[in-house]
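Below: one structure, written as structure tokens.
Counting starts at 1 for both ligands and their atoms, following the listed order. Only heavy atoms go into these numbers, but all of them, side chains included; no hydrogens, no water, no symmetry mates.
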Amino acid sequence: MTTVKDRIEELRNALHRHNHNYYVLNQPEISDREFDEMMHELQRLEEEHPEFKDENSPSMRVGSDINKNFTQVAHKYPMLSLGNTYSEGEVTDFYERVRKALNEEFEICCEIKFDGTSISLTYEDGKLIRAVTRGDGEKGDDVTDNVKTIRSIPLKLHGDNYPSSFEIRGEILMPWSVFDELNREREMREEPLLANPRNAASGTLKLQNSSTVASRKLDAYLYYLLGENLPFDGHYENLQAAASWGFKISDTTKKCSTLSEVFDYINYWNIERKNLPVATDGIVLKVNSLRQQRNLGFTAKSPRWAIAYKFQAERALTRLNTVSYQVGRTGAITPVANLEPVQLSGTVVKRASLHNADIIDGLDLHIGDMVYVEKGGEIIPKITGVDMESREFMLGEKVHFITNCPECGSKLIRYEGEAAHYCPNETACPPQIKGKIEHYISRRAMNIDGLGPETVDLFYNEGLISNVADLYLLKATDIENLEGKKEKSANKIVVGIEQSKNVPFERVIFALGIRFVGETVAKKLAKAFGTIENLENASFEALIAVDEIGERIANSIIAYFANEANRTMVERLKTYGLQLQQSEEDLSNRTDKLVGKSIVISGVFARHSREEYKEMIERNGGKNVGSISAKTSFILAGDNMGPSKLEKAQKLGVSIINEDDFLAMLS
Ligand code: IVH
């Protein structure tokens, strides 16, 4: 008869194998559904039998909700970087240096240089025990829980010929497909776009919540083994062995025995790299024999046995026609170079970002200059240099950063320590006004149907609105007379605006667009102050006394209400009937019966949903937390509470309360 323990073991082995087939070999043998069913069975058995818990079970890949700061760990072997080269000449120099130093035959292992974030994994007895970021090279962050969510990293190795203890290093990457998808979603939610997959990967790895990491679908290629008992003298051969233990090793890796083979490799991948699923920025050349590597040794910063050849970022030369300046919603000024259109990596580039005044000064930019434009990993092309020789024929006017706002003429300011210039005229500078109105009507704020950026632009240009309060004076007849607006859409807009009068207080606060006041802060403010008058008159001390509100936010709120125009506008919103205080319902349900209590919700409930219980806890001043610890005040338990939770609660002496008792406690 199979015991539970056997079944758990069987499921774990099968899931490890299917993971590898799917994520490393790209050859799944079973359907996603079958995989999920096995995973659910394993999760259920593990929950029921905490005695068989295993940190490296495939079920650990789903991540956890527990937030924590990372611990720093010293690297056993420092994580060095590689010397960079940019030309064939430098590659030849490297090859010659190695040849002279070794004075015997050698092979070069050529690899793709992956452009992600590096990681060092430690395995003991075939199990992943730690994953540490590069950090400063000497010590890095322990990101083991996050790394466990990456499906192509084995938690348990295959076979039995791996060393009992070793480290393997590689690159964590966000595949282009995932990156593009993430940016599409961000665009829809009007969130700032991620600059490139490298930043996205390293940012994801540092997230506090490993279940979000799990949802980001990171990938990893491994390229460097370290340890006392590696099976072979050849680096390439060791990598192939690592592949057989379950690691994802790129099949682009190739061993070469002549310099001309090395160049063939470089030239081939210089073109083919565009078809790889992940970002790369060059080629890495490594002397293959570990014995020869030891002979060559290291300089202070990098190995003498390896070098990186960086691909030329695609670059074009074109003329700078003019520089214009854009004003954002917050008043930040962005200088933009207007260029003679030029082909670059498959698109026509007409504009490039100049970032800020320091960059312009650094380039010593003049109108008419022939400038180099590059598209690195970034989305917006940038100017990286000026061709000084063409300047001999013509020197145009030097580019000086503007001193006044191009839209409203106000004198620009620069906050200490910030690179950007700002237009301080928040309430009367057109792009800032329009930006604020666009924010006000957006889905997460007042969610006004029928209105979008173009309509806001039209209404503003026609003089119909100059702040958000003006929206409430709009009549369908005003709108119908405008070009392109039909009766039906006019009505929809007016109805949408009318409905926004029911939007709860906390979202109105968010919609005002006070700098640094996002959705969460707005919620806290609504709860802490209850009415807009209280918020308007709140002192600095009262503001920073609120949980999660610091000096920066407090100062911004004070500055907002110190502005007479803002006060008048808020006053008008009040007369139009917006929700500028917490509703009766909100207030009457709110108590501080659970203040200071950390409560875990577990199991299935009969009278309310989990979400409802969570809301109830928060409304009564308590905190809903994900996992049981000695600090947990009590567990709100429904049916089928997991046995491992039960055991933990008993061990820590945390009391368990059923839903009837909980409701009685609040009534
Ligand atoms: S070997 C001792 N191989 O490039 C050096 N590094 O500047 C060991 N990288 O920090 C690194 N692809 O993050 C190596 N195939 C590859 C690589 C690679 C990308 C990164 C790595 C390292 C940096 C070196």
For Lys113, does its backbone N or O pair with a side-chain atom of Thr280 as donor and acceptor, under 3.5 Å?
yes
To the nearest 0.1 Å, how far is atom 12 (N) of ligand 1 from its closest protein heavy atom, and which atom is that?
Phe114 N, 3.0 Å
Check Leu82 against ligand 1 and report side chain, backbone, both or neither, counting heavy atoms closer than 4.0 Å.
both
Side-chain donor or acceptor of Asp369 paired with backbone N/O of Val371 under 3.5 Å
no
Within 45° cone and under 6.0 Å: Arg515 NZ/CZ vs Tyr422 ring:
yes
For ligand 1, is there an atom lying under 4.0 Å from some heavy atom of Ile112?
yes
Starting from atom 3 (N) of ligand 1, locate the nearest protein heavy atom and write down its residue, its atom name and how far away it is, to 0.1 Å.
Lys286 NZ, 3.0 Å
Can you confirm whether or not the ring centre of Tyr123 sits under 6.0 Å from the ring centre of Phe247?
yes
Would you call the rings of Phe179 and Trp176 parallel, tilted or perpendicular, where under 30° means parallel and over 60° means perpendicular?
perpendicular
With respect to atom 8 (C) of ligand 1, which of Tyr221, Phe298, Tyr77, Tyr224 exhibits the smallest heavy-atom separation?
Tyr224
When distances are taken from atom 13 (O) of ligand 1, the protein heavy atom at minimum range is Glu171 OE1, 2.7 Å
Just verifying a value: how many Å separate Leu82 CG and Ile307 CD1, rounded to the nearest 0.5 Å?
8.5 Å
Test Phe106 against Trp305 for ring pair (Phe, Tyr, Trp, His ring centres under 6.0 Å), laying out the working first.
CA-CA 11 Å; Phe106 62 95; Trp305 46 264; over 10 Å; no
Give a yes or no on whether the backbone of Tyr236 and the side-chain of Asn288 come within a donor-acceptor separation of less than 3.5 Å.
yes
Which protein heavy atom lies closest to atom 4 (O) of ligand 1, and at what distance to 0.1 Å?
Lys113 NZ, 3.2 Å
Compute the minimum heavy-atom distance from Pro303 to ligand 1 and say whether it is under 4.0 Å.
yes
Using a 4.0 Å cutoff against the non-hydrogen atoms of Ser81, which atoms of ligand 1 qualify?
7 (O), 24 (C)
At under 4.0 Å between heavy atoms, is it the side chain or the backbone of Asn84 that contacts ligand 1, or both, or neither?
neither
Residue, atom and distance of the protein heavy atom nearest atom 15 (N) of ligand 1 read Glu111 OE1, 2.8 Å
Starting from atom 9 (N) of ligand 1, what is the nearest protein heavy atom, named by residue and atom, and what distance separates them?
Tyr223 OH, 3.4 Å
Side chain to side chain donor-acceptor pair (under 3.5 Å) between Thr71 and Asp142: does it pass, once the steps are laid out?
CA-CA 5 Å; Thr71 4; Asp142 183 333; 4.6 Å; no
What atoms of ligand 1 come within less than 4.0 Å of a heavy atom belonging to Ser118?
10 (O), 13 (O)
